[in-house]
Amino acid sequence: MKIDRMRVFMTRDKDRPRVIVALDTDDGLTGWGECYNHGPDKALPPLLDYLYAFLSGQDPTRVDYLVNLLIQQSRFPPGALGLAAISALDHCLWDLAAKAANVPVYKLLGGEVRDRIKVYAGVYTAPDAPAARDEFDRLKEEWGFTAFKLSPWRIDMHAHRWGNVVKASADYFRSLRETVNDEYEIAFDAHAKIFEPVAARQLGNALAPYDPLFYEEPLRPENIEAWGDLKQGLNCVLATGESLYNRNEFLRLLQVKGADLIQPDICVVGGISEMRRIATLAEAYFVGVAPHNPMGPLATAVNVHFSAAAQNFRILEYRLPKGQAYVYGGLDVEKRQGETRYVVDPYLPKDGYLELRPDRPGWGVEMDEKAMEEEGYIHWQRRVPKRPDGSYAFA
């Protein structure tokens, strides 16, 4: 079996662009992968074309051999775009290797250590407590969710005194706890908007009395030592890692004791191959893994197989393929509806979990190439806020 073709699809997932990759073999198998859309997304197809030259004619079951080649040929460590492309190709190789063996991917990873994958729903805004209750209850009734993630920002952090920003967030979480089902777990994503570790600690400790599931990424990722400083004196679970690229960066984060949960993204770090190494490092430090997964249903399928085989997996971020096109920030529950069509049979929650599919080889999903072509590409870019003095703040 040899790789003899690559196809790249520029398509969409509700209101977000997606870059989907297919690797075909000379005996008729196809492996599928998903790139992370860091932007500029249109830079990914020519980069994938370049990388494909190293895979053409190769045996796809030599996954680690080939992924290592893609990383080492860069000479300098690949960054956001390079690793997004390598991640998708890594996904394709694992899918092909499992299909050749006629087993689910998790069987090639040592087999499942759990029977189903717990997920949380990303709501991403900070709606008033009654509106949050109604949305949580709806998601619980329809899909069994009992864990959710919100934004902590109730007032503009740049236009108000910081103490008032912190108080507004604490008051908000208290009102949530007084209003929603007490069994619900609620995480908060600060979205790397805070500059000073002391301010990030103040916000986390204001949320802590009301028992957040975790407090996510309050700081930028560049100064890893600052995360160790932040963790000292923080009284809630600190989670981060979506913006880190490889095992070396995660090792440093773990060495400085900068997180209680890590959140690597399987479409960012280099695919499932690198994700497993990162998880093993974290396990040695008694740190759990809660994968970052705001992507499409193919990325979710890849995460299911990683999570099934990872001892220290905790919970998976999940985005429904049909329904609200949730966006980060603001005070309202997003009402715009959308549908993602390129996966015919996506993993859907049952009682708040994703069930494994032991009778399906590879990722266990069927792709719809016609839907990818019909939906087409949609442009999206991050909104960068401005402070009152006219300077740009963290997005």
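Computed over heavy atoms, backbone and side chain alike; hydrogens, waters and symmetry mates excluded.
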Exercise for the section: Determine whether Met157 and Phe394 fall in the same hydrophobic cluster, where Ile, Leu, Val, Met, Phe, Trp and Tyr are linked whenever their side-chain heavy atoms lie under 4.5 Å apart. Expected result: no
Practice task
Would you sort out whether Asp49 and Met6 count as a side chain to side chain contact (heavy atoms under 4.5 Å, CB included), showing the intermediate values?
Solution key: CA-CA 8 Å; Asp49 286 341; Met6 180 184 71; 3.4 Å; yes
Problem - Which atom of Pro388 lies closest to which atom of Ala159, heavy atoms considered - result: CG-CA, 4.2 Å
Exercise for the section: Give a yes or no on whether Tyr347 and Leu139 share a hydrophobic cluster (residues Ile, Leu, Val, Met, Phe, Trp, Tyr; joining criterion: side-chain heavy atoms under 4.5 Å apart). Expected result: yes
Problem - Between CD1 on residue Ile272 and OH on residue Tyr106, distance to nearest 0.5 Å - result: 12.5 Å
Practice task
Report yes if the side chains of Leu176 and Phe173 come closer than 4.5 Å at any heavy-atom pair, otherwise no.
Solution key: yes
Exercise for the section: Over all heavy atoms of both residues, which pair between Cys35 and Ala85 is shortest? Give the atoms and the distance, please. Expected result: SG-CA, 4.1 Å
Exercise for the section: May I ask you to decide whether Asp26 forms a salt bridge with Lys2, counting only side-chain N to carboxylate O separations under 4.0 Å? Expected result: no
Practice task
Under the side chain to side chain contact (heavy atoms under 4.5 Å, CB included) rule, what do Trp32 and Phe9 come out as? Steps first, then yes or no, please.
Solution key: CA-CA 11 Å; Trp32 292 93; Phe9 298 85; 3.7 Å; yes
Handout entry: Taking every non-hydrogen atom, the tightest pair across Leu316 and Pro291
Key = CD1-CB, 3.8 Å
Handout entry: Separation of Lys99 NZ from Thr30 OG1 (nearest 0.5 Å)
Key = 6.5 Å
Practice task
Could you tell me whether Asp15 and Arg319 have a side-chain N and a carboxylate O separated by less than 4.0 Å?
Solution key: yes
Exercise for the section: State, yes or no, whether a side-chain contact exists between Tyr245 and Pro77 at a heavy-atom distance under 4.5 Å. Expected result: no
Practice task
Find out if a path of hydrophobic residues (ILVMFWY) with successive side-chain heavy-atom gaps under 4.5 Å connects Tyr215 to Tyr120.
Solution key: no
Problem - Test item: Glu34 side-chain N/O and Ala299 main-chain N/O as donor-acceptor pair under 3.5 Å - result: yes
Practice task
Can you establish whether the number of heavy atoms outside Asp359 located under 6.0 Å from its atom CG is more than 12?
Solution key: yes
Handout entry: Arg387 side chain vs His158 backbone, donor-acceptor pair below 3.5 Å
Key = no
Exercise for the section: May I ask you to establish whether Arg177 and Tyr210 are in a cation-pi arrangement, using a distance under 6.0 Å from NZ or CZ to the six-membered ring centre and at most 45° from the ring axis? Expected result: no
Problem - Distance, nearest 0.5 Å, that separates CZ of Phe306 from CE of Met275 - result: 4.5 Å
Handout entry: Co-membership, hydrophobic cluster, residues Leu55 and Leu51, 4.5 Å side-chain
Key = yes
Practice task
For atom CZ of Phe195, decide whether the heavy atoms of other residues, nucleotides or ligands shown that lie under 6.0 angstrom number more than 12.
Solution key: no
Practice task
Give a yes or no on whether the backbone of Trp363 and the side-chain of His305 come within a donor-acceptor separation of less than 3.5 Å.
Solution key: yes
Practice task
Would you mind telling me which of Glu216, Arg314, Glu217, Glu242 makes a side-chain hydrogen bond (donor to acceptor under 3.5 Å, both in side chains) with Gln263?
Solution key: Glu216
Exercise for the section: State, to 0.1 Å, how close Ala170 and Ala206 come at their nearest heavy-atom pair, and which atoms those are. Expected result: CB-O, 3.6 Å
Problem - Side-chain ion pair, Glu225 and Arg252, N-O less than 4.0 Å - result: yes
Which donor-acceptor pairs under 3.5 Å do side chains of residues 228-235 form with protein atoms, sequence neighbours excluded?
residue : atom : partner : partner atom : Å
Lys231  : NZ   : Asp260  : OD2          : 3.4

Completion exercise
To the nearest 0.5 Å, atom CD1 of Ile266 lies from atom CG of Asp90 at 8.0 Å
Exercise for the section: Report yes if the side chains of Leu83 and Val269 come closer than 4.5 Å at any heavy-atom pair, otherwise no. Expected result: no
Problem - Cluster link Val166 to Val198, ILVMFWY, side chain under 4.5 Å - result: no
Practice task
Compare every heavy atom of Leu81 with every heavy atom of Pro40, then report the nearest pair and how far apart it is.
Solution key: O-CD2, 3.9 Å
Practice task
Could you check if a side-chain atom of Tyr172 sits within less than 4.5 angstrom of a side-chain atom of Pro127, using non-hydrogen atoms only?
Solution key: yes
Completion exercise
In Asn312, Leu281, Ile262, the residue satisfying side chain to side chain contact (heavy atoms under 4.5 Å, CB included) with Val287 is Ile262
Exercise for the section: Dump the intermediate steps for side chain to side chain contact (heavy atoms under 4.5 Å, CB included) on Phe145 and Tyr318, then the final yes or no. Expected result: CA-CA 10 Å; Phe145 284 109; Tyr318 183 86; 3.7 Å; yes
Problem - Sub-4.5 Å side-chain heavy-atom contact between Asp41 and Tyr377 - result: yes
Handout entry: Cation-aromatic face contact Arg114/Phe313, 6.0 Å, 45 degrees
Key = no
Exercise for the section: Would you sort out whether Tyr52 and Val21 count as a side chain to side chain contact (heavy atoms under 4.5 Å, CB included), showing the intermediate values? Expected result: CA-CA 11 Å; Tyr52 175 69; Val21 183; over 6 Å; no
Problem - Polar contact flag, side-chain donor to acceptor under 3.5 angstrom, Lys118-Thr146 - result: yes
Handout entry: Beyond-backbone contact of Cys236 with Leu207, side-chain heavy atoms, under 4.5 angstrom
Key = no
Exercise for the section: Name the orientation class of the two ring planes belonging to Tyr50 and Phe54 (parallel below 30°, tilted from 30 to 60°, perpendicular beyond 60°). Expected result: perpendicular
Handout entry: Between Trp153 and Tyr328, a side-chain donor and acceptor under 3.5 Å
Key = yes
Only distances under 3.5 Å count here; give the side-chain donor-acceptor pairs of residues 181-189 to other protein atoms, sequence neighbours excluded, each with its distance to 0.1 Å.
residue : atom : partner : partner atom : Å
Asn181  : OD1  : Glu183  : N            : 2.8
Tyr184  : OH   : Asp137  : OD1          : 2.7
Asp189  : OD1  : His191  : N            : 2.8

Problem - Exam field: side chain Arg12 to backbone Gly376, donor-acceptor pair closer than 3.5 Å - result: yes
Handout entry: Non-hydrogen atoms of Gly296 and Asp13 that approach each other most closely
Key = CA-OD2, 3.3 Å
Practice task
Could you give me the CA-CA distance, side-chain angles and deciding distance for Arg154 and Asp128, then say whether salt bridge (charged side-chain N to carboxylate O under 4.0 Å, His left out) is met?
Solution key: CA-CA 9 Å; Arg154 287 289 290 177; Asp128 291 341; 2.8 Å; yes
Problem - Over 12 foreign heavy atoms within 6.0 Å of CZ, Arg62 - result: no
Fill in the blank from the handout: Asp64 meets the salt bridge (Lys or Arg N to Asp or Glu O under 4.0 Å) criterion, sequence neighbours left out, with Arg277
Exercise for the section: Return yes if some donor-acceptor pair links the side-chain N/O of Asp171 with the main-chain N/O of Arg174 below 3.5 Å, else return no. Expected result: no
Handout entry: Side-chain donor-acceptor pair present, Thr300, Asn293, cut-off under 3.5 Å
Key = yes
Exercise for the section: Would you check if Tyr353 and Asp115 make a side-chain contact, meaning some heavy-atom pair closer than 4.5 Å? Expected result: no
Handout entry: Side-chain touch Leu66/Leu70, heavy atoms, less than 4.5 angstrom
Key = no
Exercise for the section: Measure the CG-CD1 distance between Leu23 and Ile3 for me, rounded to the nearest 0.5 Å. Expected result: 5.5 Å
Handout entry: Glu141/Arg138 ion pair, N-O < 4.0 Å
Key = no
Exercise for the section: Measure from the side-chain N and O atoms of Lys14 to the backbone N and O of Leu320, and report whether any donor-acceptor pair falls under 3.5 Å. Expected result: yes
Completion exercise
Value for OG1 (Thr340) from CE (Met295), rounded to nearest 0.5 Å, stands at 11.0 Å
Problem - Exam field: side chain Thr179 to backbone Ser175, donor-acceptor pair closer than 3.5 Å - result: yes
